[in-house]
Amino acid sequence: MKERENFGSRMAVIMALAGSAIGLGNLWRFPYLVGQNGGAAFVVIYIVATLVISLPIFFAESVVGRRSRANCRGAMERLAPGTKWKWTGLLMVLTPLWIVSYYSVVGGWSLEYLIQSLRLEFVHNAPEALSGSFEQFISRTWAPVACHLVFLLATVTIVALGVKSGIEKFSKVCLPVLFVLVVVITVYSISLPGAQKGVAYLLKPDFSKVTLGTCLDALGQSFYSLSLGMGIVITYSSYVSKEEDLLVSGVGTAVSDLLFALLAGLAIMPAVFAAGIQPGSGPGLIFDTLPYIFAEMGLKMPWISSIAAILFFLTILFAALTSSVSLIEVGVAYLTEEKGMKRWAACVLLFVLTGVAGVLCSLSFGPLSGVKVLGLGIFDFADTVASNVLLTLGGLLVVLFVGWKMGRPEVFDEFTNGGTKKLNAKCFRFIYFLIRYVAPVGVAVLFVSNLI
Ligand code: PFF
């Protein structure tokens with residue numbers, strides 16, 4: 001049997017996991033959720049939810065992946081042979097494929113906006129002329145579909161190159177570039193006149209308006225952002241060698257993800273305030289309002305504004321790509337290991353399946369806008385089912401599996417690399433307590449409230 005690939009180093013592991021975590025969730029979803037939930041208080045709750053609930057689930061998924069050294073379905077079969085847990089594994093193979101179908105549509109939008117910024121569209125148009133252009137673009141038939149397919153093709157090409165030569169290399173180059181780009185945009189955004197209000201909005205919490213809904217949104221976002229409940233962490237951890245430290249890679253990933261979310265907030269909110277736009281304007285926030293800001297800035301400083309626009313949409317595109325790669329890899333690992341398919345053949349198959357599903361999602365803003373599933377358009381239905389049901393269900397099942405089905409000695413063994421690494425007993429007891437009690441209760445509340 002062909003030997004299984006591993007990531008090359010600890011840094012490569014963190015880069016790949018962080019590349020998956022840092023994506024549209026940080027740059028597109030986080031800023032608009034902050035805007036809808038009143039600012040800094042949401043950010044504080046989001047940080048706490050990440051550390052107390054999401055990080056323990058991340059650890060649980062890493063334990064399953066590294067211990068089994070298999071794809072999600074195979075992992076459950078190895079750790080609990082002949083039980084119904086295999087269905088949890090299958091659920092986690094299907095969820096990311098479901099997600100990538102509409103995620104690549106949004107990835108396609110960022111590609112289109114990058115092309116528009118390269119053609120200097122934002123600075124050549126009067127700001128008012130751009131109003132409604134986002135809705136106009138997504139409701140077209142061919143252009144968004146073509147962008148979605150190009151984005152998806154780029155994704156599967158990287159995955160087809162393999163774990164080391166594709167995913168690892170791409171993440172190692174992309175992530176540092178991404179970091180530099182976000183920092184540049186943040187500096188630009190904070191320097192805009194009137195930006196201070198946006199900075200204060202992000203950093204000065206007012207807990208008087210916090211509701212249960214705010215807390216659930218924050219928890220849901222931290223879950224989404226760390227790529228939990230959909231087999232990604234299990235699959236990537238199965239490529240982590242037995243010498244690596246799971247605690248270090250988990251904390252490294254969570255901290256980079258948090259840092260990026262905060263940087264993205266600092267890049268976007270000050271610009272939104274500087275332009276006098278409502279921060280709570282919803283999912284269209286970055287696509288709708290930032291071109292307007294670039295166009296307005298372009299009236300005074302066309303070159304700086306053009307470069308800022310290009311950098312901005314390039315950042316979104318890179319971030320989306322490193323995440324969509326991880327979504328596809330889950331299915332590819334399953335097809336190659338369980339069904340004996342060649343890597344490239346699995347990539348072609350998944351390109352066709354998710355490509356077709358994505359076309360339907362894309363068309364649901366245009367020609368298929370009349371088609372409703374449970375009262376929602378196809379894209380919204382796909383997103384709602386994934387974010388509200390599939391992710392939380394997957395996360396809940398895995399954390400229950402590690403906390404209650406796997407034995408404590410096995411979990412300890414995985415955290416200490418078979419007893420070769422020292423781990424403070426109190427520290428392990430605390431993490432195990434979070435995995436066994438706190439995280440399941442937190443996700444169960446999220447799951448039930450989402451269903452309601
Ligand atoms: N964690 C990535 C992001 O925040 O964009 C990838 C991802 C997670 C995509 C969850 C989609 C999803 F539902």
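Atoms within a ligand are numbered from 1 in the order they appear, just like the ligands themselves. Atoms considered below: every heavy atom in the structure, side chains included; atoms not considered: hydrogens, waters and symmetry mates.
Per-residue contacts place Gly25 under 4.0 angstrom from the following atoms of ligand 1 (heavy atoms of the residue considered): 3 (C), 4 (O), 5 (O). Close approach of ligand 1 to Ser20 (heavy-atom distance below 4.0 Å) involves ligand atoms 1 (N), 2 (C), 6 (C). Atoms of ligand 1 found under 4.0 Å from any heavy atom of Met230 (numbered from 1 in listed order, with element): 8 (C), 10 (C), 12 (C).
Under the 6.0 Å cut-off for aromatic ring centres, Phe312 and Tyr113 do not qualify, their centroids lying 6.0 Å or more apart. Aromatic rings from Phe379 and Trp109 are positioned such that their centres are separated by under 6.0 Å. Residues Phe30 and Phe260 keep their aromatic ring centres 6.0 Å or farther apart.
The 12-atom threshold is not exceeded at CD of Gln278, counting heavy atoms of other residues, nucleotides or ligands nearer than 6.0 Å.
Residue contact check for ligand 1: Ser225 places a non-hydrogen atom closer than 4.0 Å to it.
Taking only non-hydrogen atoms, the option from Tyr103, Phe260, Phe223 nearest to atom 5 (O) of ligand 1 is Tyr103.
Among protein heavy atoms, the minimum distance from atom 13 (F) of ligand 1 is reached at Tyr224 CE1, 3.1 Å. Ranking the protein heavy atoms by distance from atom 11 (C) of ligand 1 puts Ile99 CG2, 3.3 Å first.
Within the 4.5 Å cutoff, the side chain of Val359 has heavy atoms near those of the Leu363 side chain.
By the 3.5 Å distance cut-off applied to N or O atoms, Tyr102 is not counted among the residues near ligand 1. In terms of polar-atom proximity, defined here as any N/O pair under 3.5 Å, Ala21 does make such a contact with ligand 1. Between Leu24 and ligand 1, at least one pair of N/O atoms sits closer than 3.5 Å.
Side chains of Asp383 and Ser387: a donor-acceptor N/O pair is present below 3.5 angstrom, by distance only. Using modelled atom types, one finds a donor on one side chain and an acceptor on the other under 3.5 Å when comparing Asp257 with Ser225.
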